[in-house]
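Remarks on the structure that follows.
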Amino acid sequence: MLKALKNMLVMIELEMRRLWHDRTEIYSRAIQPILWMTIYGPVMGSARAIPTGGVPYTDFITPGVMIQTTTFVSILYGLTMVWERDSGILKKLLVTPAPRYSVVVGRSMASGVRAIFQALIILPIAFAIGVRFVPNPTYFLLALIVIFFASGGFAATSILIASFMKTRERFMGIGQAITMPLFFASNALYPLQMMPSILREFSAYNPLSYVVDAVRGLLITGNLSSLLIDLVAIAIFNITMFTLASVSLRRIIE
Amino acid sequence: MDLAVQINDLVKVYDGKVRALDGVNLTVETGKSFALLGPNGAGKTTLMRILTTQIKPTSGEAHVFGLNVVHEGSKVRELISYIPQEMSVWTDISGYENLLVYAKIFDIPHHEREKLIHEALENMGLIGVKDDLVRTYSGGMIRRLEIACAMLIKPRIMFLDEPTIGLDPAARKAVWERLNVFKKDYEVTIFFNTHYMDEADLYADEIAIISQGKIVARGTSEGLKHSLGGELITFTVEKIPINAENLGEIRKLHFVKDISIEDTSISILVHNAEDSLPYIMDVLRNERMPVSKVSISKPTLDDVFLKYAGMRFEEKGRISDVVHTRRMIRRG
């Protein structure tokens, strides 16, 4: 168990080393959420059509668009696993004494590292364009931890999908086809109450909504009444995905 | 003798129809360099993936140092190193970082880590480029880095799947020189797959030939070639008609197995051409038959393959080999 934990840390270290050598992806991926915050936010906000509970619309969507980006990064992370299957890396990792689940969980959590750095690029920019955050360092830290763990869950989801896809091209399509619906059927851009009831039902099973709700509470509104539910939902999501991805890893290599 | 690998009646059927391994029986002795030779698609990689605990056989058993690869997989994984056919290092970090990550995965104690990594880099001649991104390495350097990774844990057996595919001859030679040093220093058993006959010929103590999921022959390179009957010496005699009676003296030599005559050339089948040649030359000279040209033809592993697998090696391998090699180059 201790060994497995150590292996997960090595995977995270590996990711940080890769990130250190090539940071362009983090910068270029920050462009999209910035556009949401600087263009879409003010324009939609000026229409005053969306009830945000008293916060400016741009502030309201900041956690959502940021998490959309980190989620997309995590989902694409499964692609790395497909690539590593094409190359021999995954095969070699599986022939080491490291338990298989530690490879899956470790690689997944490694994507959380990317997500945190991504958030750390986006947040100062949001601050600079006038988004007001809850001035509480503990909340801020907790928000980063939520993003870190949730990204791990999404990365495990993508490893699970990758184990069925097996080619990069197919996976790319699926990656898009999953993140966008998750994004639109969540509370990232509008409160759940505005959605048609069918969508609201779906949203109750959408992990992204819980992540956005938690981070929005911690960073923007300071309202933590549903934080516990959010954290439980994220934990269930993560454990389910870690388990499924570990089991299906066999499919990737065969 | 302690057996490094022992395989009994191993069968692997993919998707219920493709019979990749069809009853393989094989043993490999400890400390030997063992080559599994066969064309692409013969089942080499499947066998290696079963031995390295990646996939399970459909039936039959395989043991590595007495450990069952299915039931004692985690113990097996502690004894072995494996280098897959495809590139297996991260290209977006440096060579040193690759080794560091593997050292940590293998749980090498902190105080030994630096020393072992340095040693591995030095043995593989990569000290000078250790901090460069692997992306900038040549194919040969990447292979040497992979071997360095495999050396880190001082395994008891190394499994190499096509260790020199896509490498130029000089790089191939360099890789094997390093491997042999490693084998000698640490008495590690080397089990490698190859479809290069010369590679099996030069670097394997023992060879098993695999074709369509079956081991069709095994032995040393010499042994396999001699099993074909012997070596052929052909003499071209100057201008005079060959008198069959003159050849009687040659026939009397105990090592001569057969003689055939065609126009002005005599072909003699012997066990060992180099040893026999001087004696035959003496006889020919005594018989006043001036020889203008001598040629020796020895059986190759290709001939061995033809005999035991019933087909030419090259014909089957060529196209898929080219495709595969290109793919490797594109990646590397």
Side-chain angles (χ1 to χ4, degrees), chain A residues 1-26 77 79-107 110 113-114 163 166-168 248-254, chain B residues 12 14-15 45-46 48-49 51-56 69 73-94 96-98 100-108 131-135 142-143 146 149-150 152-153 155 158-159 161-162 327-328 330-332:
Chain A
M1 191 65 202
L2 186 71
K3 205 168 166 194
L5 204 66
K6 252 167 123 180
N7 273 311
M8 293 176 200
L9 289 177
V10 175
M11 295 299 160
I12 289 174
E13 178 189 337
L14 167 71
E15 203 52 40
M16 293 181 79
R17 288 180 182 277
R18 299 168 90 177
L19 207 55
W20 175 249
H21 285 297
D22 187 4
R23 280 153 287 180
T24 43
E25 196 202 345
I26 291 228
Y77 201 74
L79 191 64
T80 320
M81 295 293 268
V82 178
W83 184 83
E84 287 184 356
R85 185 189 68 92
D86 281 351
S87 74
I89 292 173
L90 196 58
K91 288 181 194 161
K92 198 158 83 172
L93 274 180
L94 294 177
V95 180
T96 67
R100 284 185 186 181
Y101 72 90
S102 81
V103 173
V104 171
V105 179
R107 298 313 295 270
V113 173
R114 265 180 195 269
S163 68
K166 298 202 170 182
T167 72
R168 278 180 240 197
S248 74
L249 189 66
R250 174 169 295 280
R251 303 177 57 104
I252 298 191
I253 50 171
E254 281 201 5
Chain B
K12 177 70 185 179
Y14 286 113
D15 298 333
T45 299
T46 300
M48 186 168 284
R49 296 189 73 192
L51 290 176
T52 53
T53 77
Q54 295 176 65
I55 54 177
K56 292 194 169 81
V69 296
S74 61
K75 282 187 193 156
V76 171
R77 285 195 287 272
E78 282 174 17
L79 300 178
I80 64 174
S81 273
Y82 162 64
I83 305 181
Q85 190 171 341
E86 306 89 349
M87 187 178 60
S88 63
V89 286
W90 288 283
T91 54
D92 46 6
I93 55 177
S94 72
Y96 169 81
E97 286 173 314
N98 265 288
L100 186 66
V101 167
Y102 272 106
K104 288 181 177 178
I105 290 173
F106 279 107
D107 218 8
I108 294 171
D131 293 321
D132 294 353
L133 292 186
V134 174
R135 202 186 294 143
I142 288 178
R143 261 304 187 233
E146 288 168 342
C149 284
L152 268 183
I153 57 156
M158 251 172 144
F159 290 96
D161 199 353
E162 301 275 4
R327 208 163 61 209
M328 298 300 297
R330 239 187 357 246
R331 250 179 224 152

Under 4.5 Å from a heavy atom of chain A, the part of B:Thr52 involved
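Contact with chain A involves both backbone and side-chain atoms of B:Thr52.
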
Let me confirm one number: the [atom1]-[atom2] distance from [X] to [Y], rounded to the nearest 0.5 Å.
X        : Y        : atom1 : atom2 : answer
B:Asp107 : A:Leu2   : CG    : CG    : 8.5 Å
A:Leu14  : B:Glu97  : CG    : CD    : 8.5 Å
A:His21  : B:Arg135 : NE2   : CZ    : 9.5 Å
B:Ile93  : A:Asp22  : CD1   : CG    : 12.5 Å

What pair of heavy atoms forms the shortest contact from A:Gly88 to B:Glu86, and how long is it?
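Heavy-atom minimum between the residues: N-CB, 3.5 Å.
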
Looking only at heavy atoms, what is the nearest atom pair of A:Ile89 and B:Ser88, with distance?
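The answer is CG1-C, 3.6 Å.
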
Using the side-chain contact (heavy atoms from CB on, under 4.5 Å) rule, pick out the option among A:Glu13, A:Met11, A:Lys6 that qualifies with B:Lys104.
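Single pass found, and it is A:Glu13.
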
Mind ranking B:Asp161, B:Leu133, B:Val76 by heavy-atom pairs under 4.5 Å with chain A and telling me who comes out on top?
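Among B:Asp161, B:Leu133, B:Val76, the one with the most close pairs to chain A is B:Leu133.
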
Could you check if a side-chain atom of A:Lys92 sits within less than 4.5 angstrom of a side-chain atom of B:Tyr102, using non-hydrogen atoms only?
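Heavy-atom side-chain distance check passes, below 4.5 Å.
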
If you apply the rule side-chain contact (heavy atoms from CB on, under 4.5 Å), what do you find for B:Asp92 with A:Arg18, and how did you get there?
CA-CA 6 Å; B:Asp92 46 6; A:Arg18 299 168 90 177; 3.0 Å; yes

Working note: B:Arg77 + A:Leu94, criterion side-chain contact (heavy atoms from CB on, under 4.5 Å); need CA distance, chi angles, decisive distance, verdict.
CA-CA 9 Å; B:Arg77 285 195 287 272; A:Leu94 294 177; over 6 Å; no

